[in-house]
Structure formats: structure tokens, C-alpha cells
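Worksheet for the structure shown next.
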Protein chains: 2
Amino acid sequence: MTPRAQTPNAARELEHPAAREIRLEEVLHALADPVRLRIVRALAASGEEMACSLFDLPVSKSTTTHHFRVLRESGLISQNYRGTAKMNALRRDELERLFPGLLDSVLAAAARQEERRGG
Amino acid sequence: MTPRAQTPNAARELEHPAAREIRLEEVLHALADPVRLRIVRALAASGEEMACSLFDLPVSKSTTTHHFRVLRESGLISQNYRGTAKMNALRRDELERLFPGLLDSVLAAAARQEERRGG
DNA sequence: ATCGTAGTTTGACATCCGCCGTACTACGAT
DNA sequence: ATCGTAGTACGGCGGATGTCAAACTACGAT
């Protein structure tokens with residue numbers, strides 16, 4: 001129904017590490033930052049792609065860009081452009097195959113810690 | 001010989017964070033360094049206390065001291081002096097109560113990554 | 001007492017990190 | 001064509017991090 005081709009501008013393709021290139025240390029480092037952990041938790045909670053602008057983060061636009069790049073380069077998320085928005089998604093299945101249980105236990109730990117602190 | 005000022009001993013007890021003070025971000029950060037991850041894996045593999053000198057690490061003595069301190073302050077390990085040796089132990093049970101499954105999944109992930117790389 | 005082993009402390013150094021503002025690009029809508 | 005929104009790139013800043021060597025402390029053994 002849409003007459004226009006779905007293919008986005010090739011110049012706006014983003015580099016992602018292949019599953020086999022994902023390194024545990026980088027994943028852990030990416031998750032060790034509060035802002036990035038928050039992003040990952042929001043993505044996990046939504047279960048869907050989310051545009052960068054949907055996140056309510058306590059940092060500037062340029063810092064936000066930085067954190068999303070770290071997450072992408074670590075292999076935790078995938079990013080692709082949709083119009084003017086940049087969509088972000090957790091690479092859950094790949095991560096699960098690579099490091100079974102890791103992401104879930106981190107997410108559970110984060111939830112638990114928030115519980116303990118918040119009340 | 002010139003009498004030197006006597007430094008108070010104080011080398012007996014080391015400060016450890018209480019279980020409730022352990023922060024997920026710090027634990028992840030501690031695990032994100034290759035040298036420290038190696039230490040944690042060795043401790044997990046041995047299942048017992050280990051003196052610092054038993055680890056075969058690719059860094060100097062002072063850097064070793066630094067890494068063990070980061071691990072202790074993050075809550076991952078406990079340390080206590082036994083004679084001239086400093087004994088290190090994983091705080092497995094406490095970590096497990098705090099963040100169930102987290103340590104195990106990180107250890108499994110590390111083992112898996114080594115398999116994949118080392119063959 | 002002296003020595004060797006184990007670990008610490010200090011100070012330095014280069015790098016990385018998180019953060020910002022400003023100027024910029026890309027796209028859709030008007 | 002122009003404008004607004006979404007995000008990027010650049011350059012800089014202060015603080016954290018990993019690293020080392022050298023000098024030091026602590027303890028057990030000789």
C-alpha cells in the first residue's frame with residue numbers, strides 16, 4: 001500500500017557487532033552505568049523498539065547519544081533509523097544465546113535493588 | 001638508627017560493605033575488568049579462600065592490590081589477614097541472596113566466552 | 001637481630017569516561 | 001522553501017581508572 005520503498009538511506013546505516021564479537025566485559029561495562037542500565041530496563045519493560053526521545057533521562061541530548069552508542073557498540077541494543085527517529089531494541093535473543101540468563105539476572109537485580117531502596 | 005615515627009598497626013580489620021550497601025552498578029563495574037573477572041573466576045573455581053599471591057596475574061603487585069580493593073569495596077569478595085597472607089573469598093551466599101543468579105550467570109558467561117575464543 | 005615473603009602506600013602518568021554546549025545534519029510537515 | 005523535531009559531531013573539562021616503580025610495613029622463620 002505504501003508506494004515508497006522501505007529502504008532507508010544507506011548512508012544512515014549503523015554498525016553493530018556480530019553476535020560472536022560481543023564481549024562480556026564490554027556488556028558488563030555498558031550495564032554498569034546508571035543511565036545506561038535505566039535505558040536497558042526501559043527497553044526490557046516495553047518489549048518493543050523505542051525511539052531515543054521516549055526515554056526520560058537526566059542528561060543532555062549529546063550525552064544521551066553517547067550512551068546509546070556505547071550500548072550499541074557493546075552489542076546490547078540494535079539501532080536503526082525510522083524517518084527522523086532512531087529506534088532502539090534490546091538484542092535479547094542473541095544475548096540469551098550468547099550468555100544465557102545474564103540479562104535476566106541483571107534486570108532482576110536492578111528491579112530488586114530499586115525495590116529495596118524505594119521502599 | 002634514627003627512630004622512625006611508629007605507624008599504628010591497624011592492619012588487622014578491613015572495611016567491607018554490608019550486604020545492604022552493595023550496589024549493582026558497582027558490582028558490574030568491578031566485574032567488567034578482565035583482571036578482576038579472572039580473580040573472581042579463580043575464586044569461584046577454587047571454592048575456598050585464596051591468598052593474593054596464589055593468583056597468576058599479568059600486572060604488578062601494586063596493581064594487584066588495587067584490583068583486590070575494588071573487588072572488596074564492591075562487595076564481591078571478603079578479605080582478611082592470616083599471618084603475612086591476605087585471604088580472599090567470594091561473598092557468594094550474600095550475593096546470591098541480594099542478586100539471585102547474577103554471579104552464576106556471569107561466571108557461566110565468562111566460561112562460555114573463553115570456550116568460544118580459546119577453543 | 002636479620003632476612004625473606006606478602007602486601008601497602010605514594011606519586012606519577014596516560015587514558016578513558018561522563019558530561020556539557022554549540023554547531024551541525026537528516027527528515028517530515030507545512 | 002522553510003521550519004521544527006530528532007539526533008550527531010566536535011571540542012573541551014574535570015574526575016575516575018588502570019598501570020607502574022619505588023619505598024615502605026607486617027609477619028614468620030632462621
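Side chains included, hydrogens not; waters and symmetry mates left out as well; all remaining heavy atoms used. Just so we're on the same page: letters track the sequence lines, and every chain starts at 1. The shown structure was predicted, so the numbers you read here are calculated from the model rather than taken from an experiment.
Backbone-only engagement by A/Ser53 is indicated by non-hydrogen atom pairs under 4.0 Å involving sugar-phosphate atoms exclusively. In this structure, A/His67 reaches the sugar-phosphate backbone alone: every heavy-atom distance under 4.0 Å involves primed, P, OP1 or OP2 atoms, never a base.
B/Val70 and B/Ile22 are assigned to two separate hydrophobic clusters, defined by single-linkage of ILVMFWY side chains at heavy-atom distances under 4.5 Å.
Straight-line distance from the OH atom of B/Tyr81 to the C1' atom of C/dT5: 14 Å, rounded to whole Å. Between the NZ atom of A/Lys61 and the P atom of C/dA23 there is a distance of 13 Å, given to the nearest Å. To the nearest angstrom, C1' of D/dG7 lies 13 Å from CD1 of A/Ile77. For the pair B/Arg72 CZ and C/dG7 P, the computed distance is 13 Å after rounding to whole Å. Atom pair A/Glu26:CD and C/dC17:P shows a separation of 9 Å (rounding to whole Å applied). With rounding to whole Å, B/Asp33 atom CG is found 12 Å from C/dC17 atom P. Atom NE2 in B/His66 sits about 15 Å away from atom C1' in C/dG11, given to the nearest Å. In this entry the distance linking CG of B/Asn80 with P of D/dA26 reads 18 Å, nearest Å.
At least one side-chain nitrogen or oxygen of A/Ser60 sits closer than 4.0 Å to the OP1 or OP2 atom of C/dC20. Of the side-chain N and O atoms in B/Arg69, one or more sit less than 4.0 angstrom from OP1 or OP2 of C/dT9.
The A/Thr63 side chain lies nearest to C/dC20 when the options are C/dC20, C/dT5, C/dG7. In this structure, the nucleotide among C/dG18, C/dG7, D/dG7 sitting nearest to the side chain of A/Cys52 is D/dG7. The listed nucleotides are D/dT19, C/dT9, C/dC20; the one nearest the side chain of A/Val59 is C/dC20. Of the listed nucleotides (D/dT17, C/dG7, D/dG28), D/dT17 has the atom at the smallest distance from the side chain of B/His29. Comparing C/dC19, D/dT5, C/dG7 by their closest approach to the side chain of A/Val35 singles out C/dC19.
For the ring pair (Phe, Tyr, Trp, His ring centres under 6.0 Å) test, residues two or more places apart in sequence or in another chain that qualify with B/Phe68 are B/Phe55.
The pair A/Glu26-A/Arg23 does not count as a salt bridge, with every side-chain nitrogen at least 4.0 angstrom from each carboxylate oxygen. The pair B/Glu49-B/Arg82 meets the salt-bridge criterion, since a charged nitrogen lies less than 4.0 angstrom from a carboxylate oxygen.
Residues B/Arg36 and A/Thr65 each lie close to DNA chain D; by heavy-atom proximity, the contact nearer the 5' end of the strand is made by A/Thr65. Residues A/Val70 and A/Arg82 both approach DNA chain C. Their nearest nucleotides, taken by heavy-atom distance, put A/Val70 toward the 5′ side.
Interface remark: the A/Ser62 side chain does form a donor-acceptor pair with the C/dG21 base, using a distance-only criterion of under 3.5 Å.
Atoms CD and NE2, from B/Glu21 and B/His16 in turn, are 12.5 Å apart once rounded to the nearest 0.5 Å.
Pair assignment for C/dA29: D/dT2, on the basis of Watson-Crick or G-U wobble contacts that are both within less than 3.5 Å.
When all heavy atoms of A/Glu94 and A/Ala19 are compared, the pair lying nearest together is OE2-CB, 4.0 Å.
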